[in-house]
Protein chains: 2
Amino acid sequence: MTTDVQRSQVSETGAPTTGGDVLTVPFADAPIFTRARALRPTGKVLPEHARSHNRSLVLQTLYTSGAQSRADVSRGTGLTRVTVSDLVADLIAEGLVVELGQREDARPGKPATLIDVDRGAFRIIGIDLSEHQRFLGAVVDLDGGIVSRAEVACAGASGENAVALVVELVRSLLASTTIPVLGIGVGSPGVVDTLGVVRSAPNLGWRDIELQSRLQAEFALPVHVANDANVAVLAEHGASLQDDLLLVKVGHGVGAGLIIGGRPVIGGGFAAGEIGHVVVGTDGGPRCACGKDGCLEAWLAVPRLTAQLAELDGDAPDAASARDRILAEAGRRLGIILAPVVGALNLSEVVLSGPAELLDGALHDATVDTLRMRTMAEHNRDLRLRMTEQAEDIVLRGAAVMVLSGQLGVS
Amino acid sequence: MTTDVQRSQVSETGAPTTGGDVLTVPFADAPIFTRARALRPTGKVLPEHARSHNRSLVLQTLYTSGAQSRADVSRGTGLTRVTVSDLVADLIAEGLVVELGQREDARPGKPATLIDVDRGAFRIIGIDLSEHQRFLGAVVDLDGGIVSRAEVACAGASGENAVALVVELVRSLLASTTIPVLGIGVGSPGVVDTLGVVRSAPNLGWRDIELQSRLQAEFALPVHVANDANVAVLAEHGASLQDDLLLVKVGHGVGAGLIIGGRPVIGGGFAAGEIGHVVVGTDGGPRCACGKDGCLEAWLAVPRLTAQLAELDGDAPDAASARDRILAEAGRRLGIILAPVVGALNLSEVVLSGPAELLDGALHDATVDTLRMRTMAEHNRDLRLRMTEQAEDIVLRGAAVMVLSGQLGVS
DNA sequence: TCACGTTTGTTAGTAAAGCTTACGAACAAA
DNA sequence: TTTGTTCGTAAGCTTTACTAACAAACGTGA
């Protein structure tokens, strides 16, 4: 087979020369890649960093796979038995791991000593500030099980008053447990930066509230603060096989949390997931509080849906189908917004969180249908849309995952 | 200030008990986080990994900041002078770094020996398969400068014929340089997985073509293959300050490449960025080749735009404004698709690649306006939409970045 | 019963990596 | 000429994870 490859040469000085077949291809001058970019804070890696990475790896293996021998961990991680023993000794000394005695089942060879994360050794405080009328809190164990709860009414509270309520809630939860607390995780509405500063949370009247550092100073414990939807998706990720995940949280507002390639997405302005005020479709829609028409929140927020459903005549013969029509239209709107996101990110799983009686029927089905109609079937064949299984504790447990992940490198 | 925190206790066995104020909070049973999830392939970290990371860090520092002394690199990386000297010695032995002699300017102390990446020591082969009528190729230097070019007509070629054309193109480029080649980068249309298998590229009649391994076997050089738009965004990222970046590539089709948190987004089905067949708006639109109405590609692809513009009467008094109306409508449609993506990811920079005469005027302005109208101003205040500065070489240079990044950990 | 193989966890020693400390070389300024 | 500064390198130390070897404890089969 003969092919006709045409070549043009560019001399090192930049002046184009021609060799063989002349070919005039328009091309930009070849500037070097910019050198203006600041050095990325990639940072050096020291031996001790490797050590802490491997430590987390051992912990993660125990955490997800349960009780096993040091030799099992060695096989699971690829580290040698010697190294695993060494790391485990550290973890035992810190009280994070315990020996459980010898394995029972009969096998040849020296019987194995089982070890596991001491799941009762620490507690985590989880706080959910996303509800409209109350702040929720819980003491959570290392497995995500909720040990005790507390809540405080917050209607009308704002600014410093609201901060004081959070402090009281945490104080009350800390008082309710004698077991050491690993840290405090907070899911807050609004825009929260990576330092745990709530840049803006209109509902709470917060603007640049340094919640993380203030709680840390108050309680002398590690504190992590993030947006409520971003926190919620962590809980879902802990219970999911997927490393790409979008969670849509429908409540008084509508927000989303996003994990891509196993990592939470923050956004350049720390506002990733803020899709509540993106306009849906090209045919108008209900007026939104933000002034625009047809924002997703104006279609989908719980108050809007319940108000619409309340207008229905419950005794009318077609009440059920009228209800479904309202919910289906909301679902369709959600699908319209999600389609470009699902397409651009090639997402395989989208999760809904919110009142199941609203989301889990006609609304869900309409969203699925709309997504299928508006994206390319071939690329998104295995897309799943489902309700969360975490129910109303999703933010509390996500907050626990955040602490677990931040303090132990486990999730 | 007295606050009324209410508590409910859950016994360790799971049965709810009440202490103090009784409070009935509905909550799901507290199942542990799933243990079903397979162990993530995080992998152990050995000392040698740390070493190669630090090696890349030194190389990256030299690459982006240019010629400097070992002591400068030490200050820039945080590594000690000793370690830097050691790493640099390795790099010099491999021919990647050269000493340039002593620094000229007069300063107290022993004069510094300048070192830099030997930017002329290696070449990279970049291949762009995304054009409709021809395959493009280039020899690229380590700075991204194009040294020589080649192209081959590919109209009608498909399947194995097309593969043979690519091989010929690479062979020709390799023959044109005597300088050692670091590797081969290929930007292909369609869906390409992480192993460089082109899962599906309808235009080329490709289905599960193992392009990477075949080229690697043929030329005994490192080969990287990825989707053309995903490759293009690498070039843009190399020249941008942003670590979150969306590039929309408008040509015979419409595709996107996405970088989030400095990492390319691949997608669960390796189809991230495939937004060409997402439906725009809720008011129908032109019939698309895929069968749906109003796909982005049906609005925005170059053939569609040129066809529409060709229908205009160029001598009519309002020809210019009619042209702008057509382009503005296309831009508006692009904005409608991008708004949910920009909102969900809180993107700070969106880049357009394609024919500037179509994209860079009314279309660009309409997209910006639409984005502003449909997203929340507060969160996306500093969003920028701009044309690429890489012109038609964007895929070729992106392919070079891919090789650079894959082989040297530099970008 | 008893030698043998198998598995576990530990001890001892080794290789790799980056650190601190120390030092000679080379220059500017006083 | 003296002083202070900066650069690059040498030597030795610490940390880390590795390999090799081994004792303990168990099942198996002659």
Side-chain angles (χ1 to χ4, degrees), chain A residues 42-59 61-62 65 67-94 97-116 409, chain B residues 42-59 61-62 65 67-94 97-116 409:
Chain A
T42 341
K44 56 182 176 180
V45 169
L46 302 179
E48 67 214 64
H49 297 138
R51 174 87 173 177
S52 85
H53 178 101
N54 288 336
R55 197 188 94 114
S56 289
L57 184 62
V58 168
L59 212 46
T61 302
L62 286 173
S65 304
Q68 57 197 299
S69 72
R70 291 168 173 85
D72 292 331
V73 175
S74 163
R75 282 183 290 263
T77 58
L79 295 162
T80 62
R81 292 203 305 275
V82 181
T83 303
V84 169
S85 277
D86 195 37
L87 290 167
V88 166
D90 281 5
L91 293 169
I92 288 178
E94 293 172 45
V97 167
V98 283
E99 292 197 336
L100 302 176
Q102 292 194 348
R103 179 180 270 145
E104 291 298 326
D105 55 346
R107 295 198 296 188
K110 174 179 173 180
T113 308
L114 292 179
I115 53 173
D116 194 3
Chain B
T42 340
K44 57 182 175 178
V45 169
L46 301 179
E48 67 215 63
H49 297 138
R51 176 85 173 178
S52 85
H53 177 101
N54 288 337
R55 197 188 93 114
S56 289
L57 184 61
V58 168
L59 212 46
T61 302
L62 287 173
S65 305
Q68 57 197 297
S69 72
R70 292 168 174 84
D72 292 330
V73 174
S74 164
R75 282 183 289 264
T77 59
L79 295 162
T80 62
R81 291 204 304 273
V82 180
T83 303
V84 169
S85 276
D86 194 36
L87 290 167
V88 166
D90 282 4
L91 292 169
I92 288 176
E94 293 171 45
V97 167
V98 283
E99 291 196 335
L100 301 176
Q102 293 193 348
R103 179 178 271 145
E104 291 298 327
D105 54 348
R107 296 198 294 189
K110 176 181 172 180
T113 309
L114 292 178
I115 53 173
D116 195 3

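Residue numbers begin at 1 in each chain, while the letters A, B, ... track the order of the sequences.
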For A:Ser52 and A:His49, indicate whether the former's side chain and the latter's backbone hold a donor-acceptor pair under 3.5 Å. yes
Distance, rounded to the nearest Å, where A:Asp72 contributes CG and C:dT8 contributes P: 7 Å
Atom CG of A:Leu79 and atom C1' of C:dG9: how far apart are they, to the nearest Å? 16 Å
A:Gln68 has an atom CD; how far is it from atom C1' of C:dG9, in whole Å? 15 Å
Check the distance between C:dA17's C1' and B:Asp90's CG and give it to me in whole angstrom. 12 Å
D:dT16, OP1 or OP2 - any side-chain N/O from A:Asn54 closer than 4.0 Å? no
Starting from the C-alpha separation in whole Å, work towards a yes-or-no answer on side-chain contact (heavy atoms from CB on, under 4.5 Å) for A:Arg70 and A:Glu99. CA-CA 10 Å; A:Arg70 291 168 173 85; A:Glu99 292 197 336; 2.7 Å; yes
Choose from C:dA17, D:dC7, C:dG18 the nucleotide whose nearest atom is closest to any side-chain atom of A:Leu46. C:dG18
Can you tell me the distance, in whole Å, between the CZ atom of B:Arg103 and the C1' atom of C:dA26? 15 Å
Taking any heavy-atom pair under 4.0 Å as a contact, classify A:Arg75: base, sugar-phosphate, or nothing. sugar-phosphate
Atom-pair distance (CG on B:Asp86; P on D:dA11), nearest Å: 13 Å
Using a strict threshold of under 4.0 Å (side-chain N to carboxylate O), is an ion pair present between B:Arg55 and B:Glu48? no
Is any side-chain nitrogen or oxygen of B:Arg70 closer than 4.0 Å to OP1 or OP2 of D:dT9? yes
Could you give the CG-to-P distance, from B:Leu87 to D:dT9, as a whole number of Å? 12 Å
Has A:Thr113 got a side-chain atom pairing as donor or acceptor with A:Gln102's backbone, closer than 3.5 angstrom? no
Under the side chain to side chain contact (heavy atoms under 4.5 Å, CB included) test, residues paired with B:Leu114 that sit two or more places apart: B:Leu100, B:Arg103
Side-chain contact, heavy-atom cut-off 4.5 Å: B:Val97 with B:Val58? no
Where the side chain of A:Ala71 is concerned, which of C:dT8, D:dT16, C:dA17 is the nearest nucleotide? C:dT8
Please enumerate all residues that pass side chain to side chain contact (heavy atoms under 4.5 Å, CB included) together with A:Thr80, with sequence neighbours excluded. A:Val82, A:Thr83
Report the distance from atom CG of A:Leu57 to atom P of D:dT16, rounded to the nearest whole Å. 16 Å
Within less than 4.0 Å of OP1 or OP2 of C:dG18, is there a side-chain N or O belonging to B:Arg51? yes
Which letters describe nucleotides 19-27 of chain D, given B = protein heavy atom under 4.0 Å from base, S = only from sugar-phosphate, - = neither? BB---BBBS
